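All values below come from the heavy atoms of this structure, side chains included, with hydrogens, waters and symmetry mates left out. This one's a predicted model, so the numbers in the text were calculated from it and none came from an experiment. In what follows, residues are counted from 1 in the order of the sequence shown.
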Amino acid sequence: MLEAPTEGYEDAIVVPEITADNFELKHGLLTLVQNKQFFGHDKEDPHAHIRYFNKITSMMKFPNVPSTSVKLMLFPFSLEGAARIWLEKEPPRSILTWDDLVSKFINKFFPPSKTTNLRNEITRFQQRFDETFYEAWDRFNDLLRACPHHGFSELHQLDTFYNALNSNDQDSLNSAAGGNFLDKMPRDCLRIIESKSKVRNSRNKPVVSKVSASSSTPGISPDVAELKDMVKALLLDKKNQTQALAPVKAVEESCVTCGGAHSYRNCPAIDDNVYRDNIQEYVSQAAAANFNQGNTIYRAPIANQI
């Protein structure tokens, strides 16, 4: 009873029996498969991994050996990390065909929630403000490739892309179609798009002729409003910095006695006694002037007595 079991070690993948003579997988083929392994990270695309694996295995042909059998034998070598652990935890002999393996692999590493998010991105696709026609078409195709089972028809894809473009690019497509672009057959629409997307240097972006002072001007896109606010903030900040760094002019001294560029205490035109007499006389005159401003009777100033 204490002996280790000798059963239950079967793999999840069941490879059909190969009856061909002298069949052998070359080491070079294993190396190609292992050069680009799938680890099961969030950023990895399981669809891209299946496409790459199919491409590698299609390079090798074996007489009297089905290609699906070769794929079932090689696929475990293309996994590592969490992906390899997933396959090892699958029940023994639960994967009988290549389609079974692909289905379980995609459902594990591309769950329905991810499909929903990518479908929403495709549906809400919009050409960016500073994006060329070629860049928008390339980004739209990246979304389609990231979710090949999106379920959108070719006509629906063309309609979504056309309505996501700016008015200049829409007019360009209509002009190339000789009318309404969406009235054309899908294959003709694709031909027009591919022809236009080859002109990568043609910007065809909306032109902003003037940016007003208010960010609430109707009829402008949020990108333009944001750009206006950034420019306004930069100009205001520059103005504040200029005012803060303005030099402060020094206060120059001026003598009240002779008008010279020195303090009245240091005036060379008077001595100490004359300075005190002048100050006393100034105080007396100021007091008399304040008194006269509060009375209706005008009195002539008294002549100074020397």
Only one of H49, K36, R84 clears side-chain hydrogen bond (donor to acceptor under 3.5 Å, both in side chains) with S78; which? H49
For residues D45 and R51, determine if any side-chain heavy atom of one lies less than 4.5 Å from a side-chain heavy atom of the other. yes
Is the shortest heavy-atom distance from the side chain of T123 to the side chain of F152 under 4.5 Å? yes
For residues I85 and I95: do they belong to one hydrophobic cluster (side chain heavy atoms under 4.5 Å, members Ile, Leu, Val, Met, Phe, Trp, Tyr)? no
Is a side-chain N or O of S195 found less than 3.5 angstrom from the main chain of I192, in a donor-acceptor match? no
Looking at F161 versus F133, is the centre-to-centre ring distance below 6.0 Å? yes
For L79 and Q37, what are the C-alpha separation, side-chain angles and deciding distance, and is it a side chain to side chain contact (heavy atoms under 4.5 Å, CB included)? CA-CA 5 Å; L79 304 181; Q37 292 179 308; over 6 Å; no
Grab the two heavy atoms, one from Q126 and one from A164, that are nearest each other, plus how far apart they are. OE1-O, 3.5 Å
Does any part of the side chain of V70, heavy atoms only, come nearer than 4.5 Å to the side chain of L25, both counted from C-beta? yes
Stepwise side chain to side chain contact (heavy atoms under 4.5 Å, CB included) check, Q157 with I122: CA-CA 8 Å; Q157 298 172 35; I122 294 172; 6.0 Å; no
Looking at every heavy atom in both P186 and E154, which two are closest together, and how far apart are they? CB-OE1, 3.3 Å
Is the number of heavy atoms from other residues, nucleotides or ligands under 6.0 Å of F125 CZ greater than 12? yes
Would you check if L29 and L74 make a side-chain contact, meaning some heavy-atom pair closer than 4.5 Å? yes
Does a salt bridge link E135 with R128, judged by any charged N lying under 4.0 Å from a carboxylate O? no
CG of L87 to CZ of F105, rounded to nearest 0.5 Å, is 9.5 Å
Inspect the surroundings of CG in N64 and state if more than 12 heavy atoms from other residues, nucleotides or ligands are less than 6.0 Å away. no
L101 side, atom CG; I13 side, atom CD1 - distance, nearest 0.5 Å: 4.5 Å
Calculate, to the nearest 0.5 Å, the distance between atoms CG and CG belonging to L30 and N35 respectively. 11.0 Å
K104, NZ atom: more than 12 neighbouring heavy atoms under 6.0 Å: yes
Side-chain heavy atoms of S175 within contact of D171, under 4.5 Å: no
Is it true that atom CZ of R93 has more than 12 heavy atoms of other residues, nucleotides or ligands lying nearer than 6.0 Å? no
What's the separation between atom CE in M59 and atom CG in N54, rounded to the nearest 0.5 Å? 13.0 Å
Taking the side chain as every heavy atom from C-beta outward, state whether T160 and F140 have any atom pair closer than 4.5 Å. yes
Polar side-chain atom of E44 near backbone of F39 as donor-acceptor pair, under 3.5 Å: yes
Shortest non-hydrogen contact from Q34 to F77? CG-O, 3.4 Å
Cut-off 3.5 Å, side chains only: do D169 and S172 have a donor facing an acceptor? no
Find out if a path of hydrophobic residues (ILVMFWY) with successive side-chain heavy-atom gaps under 4.5 Å connects F23 to V33. yes
Locate the shortest heavy-atom distance separating P46 from I106; write the atom from each residue and the value. CB-CD1, 3.9 Å
About how many Å separate CE of M60 and NZ of K71, when rounded to the nearest 0.5 Å? 14.5 Å
Measure across L118 and A146 and return the closest heavy-atom pair with its distance rounded to 0.1 Å. CD1-O, 3.6 Å
CG/L144 to CD/E121 distance, rounded to the nearest 0.5 angstrom? 11.5 Å
Any side-chain heavy-atom pair from L165 and W137 closer than 4.5 angstrom? no
Quick one: does Q127's side chain have a donor or acceptor within less than 3.5 Å of a partner on E131's backbone? yes
Would you find a donor on one side and an acceptor on the other, under 3.5 Å apart, between the side chain of D138 and the backbone of Y134? no
With a 4.5 Å limit on heavy-atom distance, are the side chains of S67 and T57 in contact? no
Among side-chain atoms of Y162 and N174, is any donor-acceptor pair under 3.5 angstrom? yes
One thing to verify: whether R145 and D142 come together as a salt bridge, which I'm taking to mean a side-chain N less than 4.0 angstrom from a carboxylate O. yes
So that I know where these two stand, are F53 and F38 an aromatic pair - ring centroids less than 6.0 Å apart? no
Can L190 be reached from L182 by stepping across I, L, V, M, F, W or Y side chains whose heavy atoms are under 4.5 Å apart? yes
Tell me whether I56 shares a hydrophobic cluster with V15, the cluster being built from Ile, Leu, Val, Met, Phe, Trp, Tyr side chains joined at under 4.5 Å. yes
Nearest heavy-atom approach of L72 to V14 is CD1-O, 3.8 Å
Neighbour count above 12 (heavy atom, 6.0 Å) for H27 NE2: no
